Enquirer: 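Handing you a structure now.
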Amino acid sequence: MSNRGNFSSRIGFILAAAGSAVGLGNIWRFPFLAGTNGGAGFLFIYLICIATLCVPVMIGEIAIGRRALSDAYGSYNKLGGGKWGYLGLYGILAGVFILSYYNVVAGWAFGYFIEISFGNLLNHQDFGSFFGEYVNQIGPLFLFSLGFMVMTAVIVSQGIAKGIEAANKIMMPGLYLILIGIIIYSLTLPNAGAGVNFYLVPQLNEITSKTIFYALCQAFFSLSLGMGCLITYGSYVTKDQNIVKSAAIISIADTSVAFLAGLMVFPLVFSLGAEPGQGPKLIFVILTQAFQQMGPLTGRIVGGAFFLLICFAALTSTISLLEVPVAFLVDQKKLPRKVVVWSMSGIIFLLGLPSMFSQGIVPFLNKLPIHNTPDMLSLISDLCDIALVSGGCLMTIFIRNRWKIENLHEELSIGNPGYMGSWLKSYIHYTIMYICPVLLGIMSVLVITDKFFGLEWLWG
Ligand code: PHE
């Protein structure tokens with residue numbers, strides 16, 4: 001175990017797992033999904049999913065990793081034997097594909113950081129068309145994504161404590177500060193109240209099946225669940241740590257950043273008279289417009305700092321995504337860490353190219369003949385979402401039918417002396433034994449049907 005590396009402290013693990021969770025999912029994806037799926041209704045369902053389905057899955061994953069002390073594949077294999085290792089591989093594969101497109105979007109954010117800080121992006125008039133043109137140039141995007149992948153690889157090749165922990169300690173607090181700063185600014189703008197209303201006052205009749213599907217997938221994605229990331233990080237957690245408490249802190253940290261991102265974006269959207277449902281370009285358009293209104297110098301400073309922090313947040317997530325396949329190859333195939341890191345990064349970067357070119361450069365890649373899925377990037381992201389929710393479902397089935405719930409309880413009581421008699425034990429027991437496998441199973445099937453065949457007939 002000692003040569004696998006460990007987090008040096010409790011706070012180190014929490015920061016790294018929260019760093020994995022907080023990323024583009026919170027700041028880029030959450031606001032645009034909330035914007036297209038009813039605002040407050042989406043937020044409401046999202047919070048319910050976190051409390052009832054996601055926190056138990058997170059606790060289960062960390063416990064599996066700490067018990068087995070192995071990567072995602074090795075952990076299922078060790079605790080379950082038989083074919084259970086394939087469940088780990090399924091997650092590892094999902095992680096590889098998530099990283100492939102995630103790195104492309106991170107490249108956009110990195111490009112915006114450079115363009116705002118050192119270029120003249122803020123002099124433009126129409127930020128919507130600027131974005132469209134921007135994601136359609138090959139050169140800069142290729143370079144920025146490649147740069148991002150290289151940074152990820154450099155940090156992951158340093159190993160656990162040195163690379164991953166150190167990076168997180170600086171980035172997380174900075175992100176909170178800038179979000180709160182921009183929220184205060186946005187709330188003072190005219191018509192900000194309409195945005196707050198849209199975001200915080202749910203119209204229950206606007207909640208459709210899509211609201212529920214997207215909210216659940218987003219909750220899994222945002223908390224980095226269902227693909228073995230937290231099994232891998234859990235395997236570096238020492239026995240004196242309280243897993244339940246750590247999971248609660250990580251979930252609160254992640255959810256609060258997503259919540260704040262929405263609170264930052266929607267007042268801006270409404271005060272600028274913009275459309276909340278504009279999809280993936282939402283923050284790129286709205287925030288640049290807001291930065292422009294702050295004036296040339298302030299806009300450049302605040303805008304540059306904002307996109308820089310998004311890049312940091314994305315980096316702590318790409319680190320965790322890369323760590324999953326790397327840990328697998330290092331643990332199982334006994335390959336040297338550095339070799340694995342660089343070759344995996346290269347492969348994943350290449351896998352991302354179709355997503356990178358799917359915004360218009362290669363026309364075929366954004367006219368896919370699949371229901372609801374206009375382009376390659378969305379297709380991969382949809383497939384990965386399905387993998388996360390179904391992976392989470394299978395993980396709970398693994399605990400209840402194979403590893404056994406008593407072993408989970410035993411692992412959770414290590415580092416948490418009061419656990420056995422507490423209400424938390426019952427909460428974890430019932431959610432993992434019944435609620436998660438049933439609901440996540442049903443939802444996996446419905447999400448697959450919806451994404452590929454359309455479910456409008458079911459309920460809106
Ligand atoms: N949770 C990350 C985010 O919100 C993305 C991620 C998904 C990271 C799955 C690791 C595993 O940006």
Side-chain angles (χ1 to χ4, degrees), residues 15-34 46 49-50 54-55 57-58 61-62 65 71-72 88 90-110 148 152 155-156 164 167-168 171-172 175 179 214-234 247 250-262 280 283 309-328 344 348 352 377 380-392 395:
L15 280 171
S20 164
V22 175
L24 294 169
N26 307 59
I27 297 163
W28 163 70
R29 218 171 95 138
F30 176 82
F32 92 68
L33 286 176
Y46 179 81
C49 290
I50 301 249
C54 296
V55 173
V57 168
M58 177 182 287
E61 285 197 22
I62 301 174
D71 60 284
Y90 180 57
I92 294 169
L93 208 64
V96 163
F97 278 96
I98 294 180
L99 182 52
S100 78
Y101 79 82
Y102 199 94
N103 188 56
V104 171
V105 182
W108 300 348
F110 193 42
F148 215 87
T152 307
I155 298 182
V156 175
I164 300 184
N168 283 296
M171 300 172 191
M172 294 285 294
L175 188 66
L179 279 176
Y214 281 110
L216 177 68
C217 291
Q218 172 60 16
F220 263 75
F221 180 84
S222 191
L223 289 172
S224 309
L225 299 178
M227 43 71 73
C229 179
L230 289 169
I231 296 184
T232 311
Y233 273 17
I250 297 161
S251 309
I252 291 172
D254 183 67
T255 309
S256 60
V257 174
F259 177 77
L260 292 177
I283 68 154
L309 283 164
I310 295 195
C311 289
F312 279 139
L315 190 60
T316 52
S317 303
T318 53
I319 291 168
S320 73
L321 283 160
L322 184 60
E323 178 64 21
V324 175
V326 166
F328 164 64
M344 267 329 282
I348 296 175
L377 195 151
I380 306 252
S381 139
D382 284 353
L383 289 173
C384 291
D385 281 359
I386 292 168
L388 299 187
V389 176
S390 56
M395 192 236 31

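Whatever order the structure lists them in is the order used to number ligands and atoms, beginning at 1. The structure presented is a predicted model; accordingly, all values stated were derived computationally and were not measured. Note that these values count all heavy atoms, side chains included, but never hydrogens, waters or copies made by symmetry.
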Enquirer: Under the 3.5 angstrom rule, does the side chain of Trp28 hit a backbone N or O of Pro280 as a donor-acceptor pair?
Expert: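 Present.
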Enquirer: Could you tell me the separation between the OG atom of Ser224 and the CD atom of Glu61, rounded to the nearest 0.5 Å?
Expert: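 These two atoms lie 9.0 Å from each other.
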Enquirer: On the 0 to 90° scale, with breaks at 30° and 60°, tag the Tyr101-Phe221 ring pair as parallel, tilted or perpendicular.
Expert: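 Parallel.
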Enquirer: Would you please write out the protein residues whose heavy atoms approach any atom of ligand 1 to under 4.0 angstrom, listed by chain and number?
Expert: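 Around ligand 1, where the cutoff is 4.0 Å for heavy atoms, the contacting residues are Ser20, Ala21, Gly23, Leu24, Gly25, Asn26, Tyr102, Phe221, Ser222, Ser224, Met227, Ser317, Ser320, Leu321.
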Enquirer: If you measure from CG on Leu315 to CG on Asn103, what distance do you get to the nearest 0.5 Å?
Expert: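 Here the rounded value is 10.0 Å.
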Enquirer: Quick one: OG1 on Thr318 to CD1 on Ile155, what's the gap to the nearest 0.5 Å?
Expert: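 The distance works out to 7.5 Å.
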Enquirer: Quick one: pull up SG in Cys229 and CD1 in Ile62 and give me the separation to the nearest 0.5 Å.
Expert: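 Between Cys229 SG and Ile62 CD1, I get 10.0 Å after rounding to 0.5 Å.
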